[in-house]
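A short worksheet on the structure shown next.
Chain naming here is simple, since letters A, B, ... match the order of the sequence lines and numbering starts at 1 in each.
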Protein chains: 2
Amino acid sequence: MGKERVSIYRIAEEAGVSPATVSRVLTGNANVSDEKRMRVEELIQKYDFRPNAMARGLSSTQSKIIGLLVPDIRNPFFAMMAVECERAASNKGYILLVSNSMSNMELEEYHLQKMFEQRVDALILMGGKVDELVSDEEYVEKMNQISDSIPVVITGKLDGSDCYQVNIDEAQATDRLMEYLISNGHRKICIMGGRKDVNSTYAKRIRYRSNLRKYGIPIQAEYIVETQGYSLECGYEAMNNLFDSNLELPSAVIAINDFTALGIVQSIRQHSYRIPEDISVVSFDNTFIADTCTPRLTSIGYNYDLFGDTLVETAISAIEGNNPPRLQLIPPELVIRESCRNIMQ
Amino acid sequence: MGKERVSIYRIAEEAGVSPATVSRVLTGNANVSDEKRMRVEELIQKYDFRPNAMARGLSSTQSKIIGLLVPDIRNPFFAMMAVECERAASNKGYILLVSNSMSNMELEEYHLQKMFEQRVDALILMGGKVDELVSDEEYVEKMNQISDSIPVVITGKLDGSDCYQVNIDEAQATDRLMEYLISNGHRKICIMGGRKDVNSTYAKRIRYRSNLRKYGIPIQAEYIVETQGYSLECGYEAMNNLFDSNLELPSAVIAINDFTALGIVQSIRQHSYRIPEDISVVSFDNTFIADTCTPRLTSIGYNYDLFGDTLVETAISAIEGNNPPRLQLIPPELVIRESCRNIMQ
DNA sequence: TATCTTGAAGAAATCGGTTTCGCCTATTAT
DNA sequence: ATAATAGGCGAAACCGATTTCTTCAAGATA
């Protein structure tokens, strides 16, 4: 057991060349005579030799690893992003190292440390402190410090930071959703879920208001519903509360994400209303949940493929010293399913 | 920009000690005088110094990385496992490197290569070829080869392999599910989804049969329904087919996993039957899907916490040269929700 | 008192690659 | 014909840690 580990030296010796030449064959960034190249390649084949990434990284001062920090990979949205980023990274010869912060500052810190120890070439940060509106001085400071040694790509706003931003176009997404609902005759529209101190939520509400204004629909404050989190339970409770109030029921509810939508749907059902006949429900994100629940949800998502590509390519571009754009927007994609009714018919 | 990277040498110089001493402070496996230790620790603090994992790994021939290969992290089951394994690995000072094979042999091979290049200390394999019943000679050979240089932990059977096995106790899970259904008066029970050449599915069917036999219920071959995959669509189609056949409808359907259950539920609804009043549906795995769909599904899952711990601890134990058990079973946990009715009342 | 341990710490080798430097040879330009 | 350039390749330095040797001093044992 434990076969002798073959190294570049072993290959060099057997091929009758210097280790440098083997390295040249490996990296491909120097000329080697066809004859020697062949001999080396044969031996590489024979021993199924793979260069030690640690040694390679150490000497080249490039780990070829990109770190991705997400709050929780069990959230389908982040799982999706992880898969897309992995694909994009692999295509460029990079490895993606994913860690979960579990929305916990200490764990986040821990994983950032570990990633730094691995000397990741770049960092992609999704969610976490970054997504909250208040740019905690300290946090910005920290990000800038990291950003000082490696490129950091974030998906959210962080005022005063040197990070590259790749954002979902929340504004456009909200516009589309509102236009769709309004063109289907809805005027009593509720936007439910999320905290206003979270950037993306804040942006959506701003846009929600401006759309109502644009179409001359009065804004009703009670139709903007705050929840503490973004879970099914939050949606469920919020909708229950709406039922319990004396408020006139909305004809359509916009859920802040698919999870929340799930809770809203449950609440509506329990109150013996039908979807979409009595109340329409639409949501943000369009994860697989929207496609697999009953009824299937009309939801506005993003081109996740493109999102992943953009994140990774921005990171790599920055690693290579090119100057990728500081801010990029990912356009939304509305997917119409069965949870919204045209109430004019 | 780009602060000077502090290394052990820099620390050593400023502290007036040798690099070896700094290393001793870092690893903690050798004695250093309190005085020098303090001086070094202060400087580590001052520069926020973190040792370069590549250099450390290279010299210690331990990467402190455990590789986890899953088919697709977007599947909540694997997302769950990834989170649990990451937690367990972090607790032991290891990093978890997750990759997705996307059930594609070439991609699987690619990622295995990459992990080898990183010199992961151990490998945890979930799903993939490993889960198929037919132990392809070549595949076993390959696994044994890997297993020859580092510990490999798999969650499935692979006859003739040297890998460590940590299996879900499918047999016991099926027993529990069947006992529950039968004690609720069900006798026309259908088990739906999955391919018989997949180990875990095979094991479930074996047990399905033996349970029926045990309770003196005749086995009806048509109630054992094969599907090509494990998706929602597969469940949906399979259940539609059942409706289309002249077969007497079962009073309960066991779905091979939560996704399939979702499809089965959709089909049943579309045929205007109610769950659980007309047909009961239960499933394997108990991912969050079972808890968030309508109606919430009675499902048998596993102690994922324990599962993750066991996988990682087995790997680490093997890394350290201890001799962990070759085969371990994770007991199931039945979670009763609203999708199954007692038909005797 | 002489000898044996044990603790502390530096020098230097090592891990396995990449990269710089310099040398030699074969073209190509002048 | 000669200088300039480029290709091929080995020697050796280097990346940043760990670890093995050694040395030396101090405390324990005979």
Side-chain angles (χ1 to χ4, degrees), chain A residues 2-41 43-44 47-65 93 114 116-121 149, chain B residues 2-41 43-44 47-65 93 114 116-121 149:
Chain A
K3 340 183 281 188
E4 6 69 81
R5 300 255 171 166
V6 181
S7 81
I8 207 184
Y9 292 93
R10 174 71 175 279
I11 303 270
E13 198 186 321
E14 274 196 54
V17 302
S18 74
T21 299
V22 179
S23 174
R24 287 184 183 111
V25 173
L26 248 35
T27 61
N29 45 26
N31 300 1
V32 177
S33 70
D34 283 348
E35 188 211 332
K36 301 203 172 177
R37 150 167 288 116
M38 300 254 280
R39 264 191 289 160
V40 169
E41 276 169 353
L43 286 164
I44 289 178
Y47 288 114
D48 195 28
F49 167 80
R50 305 286 155 185
N52 183 322
M54 293 184 287
R56 171 175 276 190
L58 184 57
S59 58
S60 67
T61 60
Q62 279 208 34
S63 62
K64 288 285 181 180
I65 301 178
K114 282 295 181 188
F116 176 73
E117 287 181 13
Q118 290 296 323
R119 297 299 190 265
V120 295
D121 293 332
S149 59
Chain B
K3 337 185 283 186
E4 7 70 81
R5 298 255 171 167
V6 180
S7 79
I8 207 184
Y9 293 94
R10 174 72 178 278
I11 303 271
E13 198 187 321
E14 274 198 53
V17 301
S18 74
T21 299
V22 178
S23 173
R24 287 183 184 114
V25 173
L26 248 36
T27 62
N29 45 25
N31 301 3
V32 177
S33 69
D34 283 349
E35 188 212 333
K36 301 203 170 177
R37 148 167 290 116
M38 300 253 281
R39 264 191 290 159
V40 169
E41 275 169 353
L43 286 163
I44 288 179
Y47 288 114
D48 195 27
F49 167 79
R50 304 287 154 183
N52 183 321
M54 294 183 288
R56 170 174 279 189
L58 184 57
S59 59
S60 67
T61 62
Q62 280 207 35
S63 63
K64 287 285 182 179
I65 300 179
K114 281 296 182 188
F116 177 73
E117 288 181 12
Q118 290 296 324
R119 298 298 190 265
V120 294
D121 292 333
S149 59

Side-chain donor/acceptor of B:Arg119 to base of C:dG16, under 3.5 Å | no
For A:Thr21, report the nucleic acid contact type (base, sugar-phosphate, nothing); a contact means any heavy atom under 4.0 Å.
-> sugar-phosphate
Phosphate oxygens OP1/OP2 of C:dA8: is one of them under 4.0 Å from a side-chain N or O of B:Lys36?
-> no
Taking atom C1' of C:dT14 as reference, at what distance in whole Å does atom OH of A:Tyr9 sit?
-> 10 Å
Quick one: do B:Phe49 and B:Leu43 satisfy side-chain contact (heavy atoms from CB on, under 4.5 Å)? Show the steps, please.
-> CA-CA 8 Å; B:Phe49 167 79; B:Leu43 286 163; over 6 Å; no
d(CG, B:Leu58; C1', D:dT19) in whole Å = 13 Å
Within this structure, what is the CE-to-P distance between B:Met54 and D:dT18, rounded to whole angstrom?
-> 14 Å
Provide, to the nearest angstrom, the distance between the CZ atom belonging to A:Arg10 and the C1' atom belonging to C:dC15.
-> 17 Å
Less than 3.5 Å between a donor and an acceptor, one on the side chain of B:Arg24 and one on the base of C:dG10, is that the case here?
-> yes
Can any side-chain N or O of B:Thr21 pair as donor or acceptor with the backbone N or O of B:Val17 at less than 3.5 Å?
-> no
Which residue lies more 5' along DNA chain D, comparing A:Ser18 with B:Ala20 via nearest heavy atoms = A:Ser18
With sugar-phosphate meaning primed atoms plus P, OP1 and OP2, does B:Val22 contact a base, only sugar-phosphate, or nothing at under 4.0 Å between heavy atoms?
-> nothing
Going through the checks in order, is the side-chain contact (heavy atoms from CB on, under 4.5 Å) test met by B:Arg56 and B:Leu26?
-> CA-CA 11 Å; B:Arg56 170 174 279 189; B:Leu26 248 36; 4.0 Å; yes
Below 4.0 angstrom from OP1 or OP2 of C:dT18, is there any side-chain N or O of A:Ser60?
-> no
Could you walk me through whether A:Met54 and B:Ser63 pass the side-chain contact (heavy atoms from CB on, under 4.5 Å) check?
-> CA-CA 8 Å; A:Met54 293 184 287; B:Ser63 63; 4.0 Å; yes
Nearest-angstrom distance from the residue atom CZ of B:Phe116 to C1' of C:dG16 = 12 Å
Spell out, as yes or no, whether a donor-acceptor pair under 3.5 Å connects the side chain of A:Arg119 to the backbone of A:Phe116.
-> yes
B:Asp121 side chain vs B:Gln62 backbone, donor-acceptor pair below 3.5 Å = no
Nearest whole angstrom, please: distance from the C1' of D:dA17 to the CZ of B:Arg50.
-> 16 Å
From C:dG10, D:dT18, C:dG17, pick the nucleotide closest to the side chain of A:Ile8?
-> C:dG17
Judged by nearest nucleotide, the residue sitting upstream toward the 5' end of DNA chain D, A:Thr61 or A:Arg37, is A:Arg37
Side-chain N or O of A:Ser59 closer than 4.0 Å to phosphate OP1/OP2 of C:dG17 = no
Taking the side chain of A:Asn31 as its heavy atoms from C-beta onward, which of D:dT18, C:dT18, D:dG8 lies nearest to it?
-> D:dG8
Looking only at D:dT19, C:dT18, D:dA17, the nucleotide nearest the B:Asn29 side chain is D:dT19
Indicate yes or no for a side-chain donor-acceptor contact from B:Thr27 to the backbone of B:Ser23 under 3.5 Å, with no hydrogens or angles considered.
-> yes
Rounded distance in Å - CG (B:Asn52) to P (C:dC15) = 18 Å
In degrees rounded to 10°, what angle is found between the helical axes fit to the five outermost pairs at each end of the helix from C:dT1-D:dA30 to C:dT30-D:dA1?
-> 30°
Step-by-step side-chain contact (heavy atoms from CB on, under 4.5 Å) determination, A:Arg24 to A:Val40 = CA-CA 10 Å; A:Arg24 287 184 183 111; A:Val40 169; over 6 Å; no
Does a nitrogen or oxygen in the side chain of A:Ser33 sit under 4.0 Å from OP1 or OP2 of D:dC9?
-> yes
Using whole Å, report how far NZ of A:Lys64 lies from P of C:dG17.
-> 17 Å
